There are 2 protein chains.
Amino acid sequence: MKDTAERPYHHGDLRHAIIETTMEMLTEDGNWQFTLREVARRAGVSHAAPYRHFPDKTALLAEIALIGFDRLQNALRAVQAKSDRDLTSEFFAMAEAYLRFGRANPALYRLMFGGELAPAGDLHLNPRALGAFEIVIDLLERGQAAGVIRKRPVRGQAAACWAQLHGLTMLSLDGLLLSEKVGDGAVEAAMETLCDGLAS
Amino acid sequence: MKDTAERPYHHGDLRHAIIETTMEMLTEDGNWQFTLREVARRAGVSHAAPYRHFPDKTALLAEIALIGFDRLQNALRAVQAKSDRDLTSEFFAMAEAYLRFGRANPALYRLMFGGELAPAGDLHLNPRALGAFEIVIDLLERGQAAGVIRKRPVRGQAAACWAQLHGLTMLSLDGLLLSEKVGDGAVEAAMETLCDGLAS
DNA sequence: ACCTGAACACCGTTCAAGT
DNA sequence: ACCTGAACACCGTTCAAGT
């Protein structure tokens with residue numbers, strides 16, 4: 001579209017390329033390991049080049065984590081949009097979407113909640129990290145209005161949902177919910193117990 | 001006690017000293033960061049010495065994680081022992097002990113469930129990692145027998161408890177359950193919801 | 001049997017210097 | 001304005017050599 005199209009200089013947009021490459025490395029290798037020098041290598045630039053776009057390694061990772069929160073939010077919003085069913089099915093679909101996100105992006109999910117970024121620019125103060133939480137709150141509010149959810153402070157109920165989903169996701173990533181260890185269908189059973197606690 | 005007391009050679013028991021030093025480093029610095037060379041430095045040995053006792057860094061960390069699981073189990077067992085109260089109080093005391101353990105040892109707790117050890121010798125296949133789970137199962141079984149817990153497969157209920165506690169602990173360590181973000185008393189509210197789901 | 005010292009191949013980060 | 005190359009201070013790991 002641009003008439004002055006001199007992209008082929010070196011990259012055009014190295015910052016974007018770095019983020020893209022980092023995300024690829026994250027998804028291809030479940031084993032969490034990531035070096036700034038390799039992302040530079042893959043992007044075809046010198047190992048010092050990323051420092052023109054990110055102050056340090058954790059700043060880049062914090063940005064990646066935020067993108068992860070955006071994607072999680074979008075995954076949940078997609079479920080919310082398909083509201084052609086009752087609230088209970090929507091609740092289960094939401095939970096399933098959350099768990100699937102974690103299982104599909106283990107390294108990214110771990111990064112989002114890892115804590116190696118806490119010393120950095122406290123990622124979790126960023127409102128983008130709480131978008132998913134608001135979606136759960138909305139669902140619970142509709143449930144209370146419809147009379148299928150127990151009338152309690154929604155934020156507390158949302159915390160229970162989030163903790164349960166986060167815990168299941170993490171334990172699942174750790175391989176701690178396999179049938180041999182914890183019995184068959186542990187995730188389904190746990191979700192059922194959560195539902196019992198929420199239902200009116 | 002020993003008549004042949006030639007400890008002051010160099011260390012006597014370097015393996016033990018290394019574990020001890022690692023544990024100290026872990027508890028003093030919440031920011032997860034740990035180098036094998038520094039533990040050697042603090043233990044007063046060369047940086048190659050640890051390799052006579054551990055094949056590599058992750059092997060040492062896996063051992064530390066197992067000790068963490070032992071300690072968690074002991075913390076819960078201490079609650080179990082003081083059974084001078086009803087099952088509901090015991091349940092809450094157990095939950096509180098779990099959360100307190102995580103908050104008191106953030107770096108250790110993160111290591112136990114971190115996943116940087118997964119590629120190593122899959123720590124979580126070790127039965128020591130599931131001791132805490134068995135304690136929860138025992139509590140739930142007594143609850144079902146006493147008629148205060150809903151009659152459902154216990155292992156599923158235990159999974160729900162574990163996931164909830166693990167999720168609350170993790171989110172709490174991440175600072176995601178602060179009042180400003182999620183409302184006041186989120187942990188208590190979440191525990192209440194879990195109870196509602198378990199109670200008969 | 002246990003420990004040291006030097007060595008190798010890597011990091012993250014900085015900084016003068018290039019275009 | 002953006003990138004490179006060399007440099008610095010670190011790692012994890014290995015291995016000959018010391019006691």
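Labels below follow one simple rule: chain letters A, B, ... track the order of the sequence lines, proteins then strands, and each chain is numbered from 1. Here the structure is a predicted model, which is why all the values come from computation and not from measurement. Atom set for the values below is all heavy atoms of this structure, side chains included, hydrogens, waters and symmetry mates excluded.
In summary, the aromatic rings of A/Phe69 and A/Phe113 are positioned with their centroids under 6.0 Å apart.
Of the N and O atoms on the side chains of A/Thr193 and A/Asp196, not one donor lies less than 3.5 Å from an acceptor on the other residue. A donor-acceptor contact under 3.5 angstrom links the side chains of B/Gln157 and B/Gln144, judged on distance only.
Between the OH atom of B/Tyr51 and the C1' atom of C/dT4 there is a distance of 15 Å, rounded to whole Å. Protein atom CD of B/Glu38 is 15 Å distant from nucleotide atom C1' of D/dG12, rounded to whole Å. Between the CZ atom of B/Arg52 and the P atom of C/dC3 there is a distance of 9 Å, given to the nearest Å. For the pair A/Gln33 CD and C/dG12 P, the interatomic distance rounds to 11 Å; values are reported in whole Å. Rounded to whole Å, atom C1' of D/dG12 lies 12 Å from atom CG of B/Leu61. Taking atom NE2 of B/His53 as the reference point, atom P of C/dA1 lies 13 Å away to the nearest angstrom. In this entry the distance linking CG of B/Asp13 with C1' of C/dA1 reads 14 Å, nearest Å.
Taking 4.5 Å as the limit, every side-chain heavy atom of A/Arg77 sits out of range of all side-chain heavy atoms of A/Met94.
Cluster membership check: A/Leu178 does not share its hydrophobic cluster with B/Val136, using side-chain heavy-atom separations under 4.5 Å among Ile, Leu, Val, Met, Phe, Trp and Tyr.
Ion pairing between A/Glu192 and B/Arg152 holds under the 4.0 Å rule for side-chain N and carboxylate O.
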Heteroatom pairs (N/O) under 3.5 angstrom, protein to nucleotides 6-10 of chain D:
from  : atom 1 : to      : atom 2 : distance (Å)
D/dA6 : N6     : A/His47 : NE2    : 3.3

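Of all the heavy atoms in B/His47 and B/Ala40, the pair that sits closest is CA-CB, 3.7 Å. Taking each heavy atom of A/Ile64 and A/Ile19 in turn, the nearest pair found is CD1-O, 3.7 Å.
Distances were taken from every side-chain heavy atom of A/Lys57 (C-beta onward) to each of D/dC2, C/dG12, C/dC3; the shortest belongs to C/dG12.
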- Query: Dot-bracket for DNA chain D, 5' to 3', with Watson-Crick and G-U pairs under 3.5 Å, [ ] for crossing pairs and | for other-strand pairs: what is it?
  - Reply: ||.|||||...|||||.||

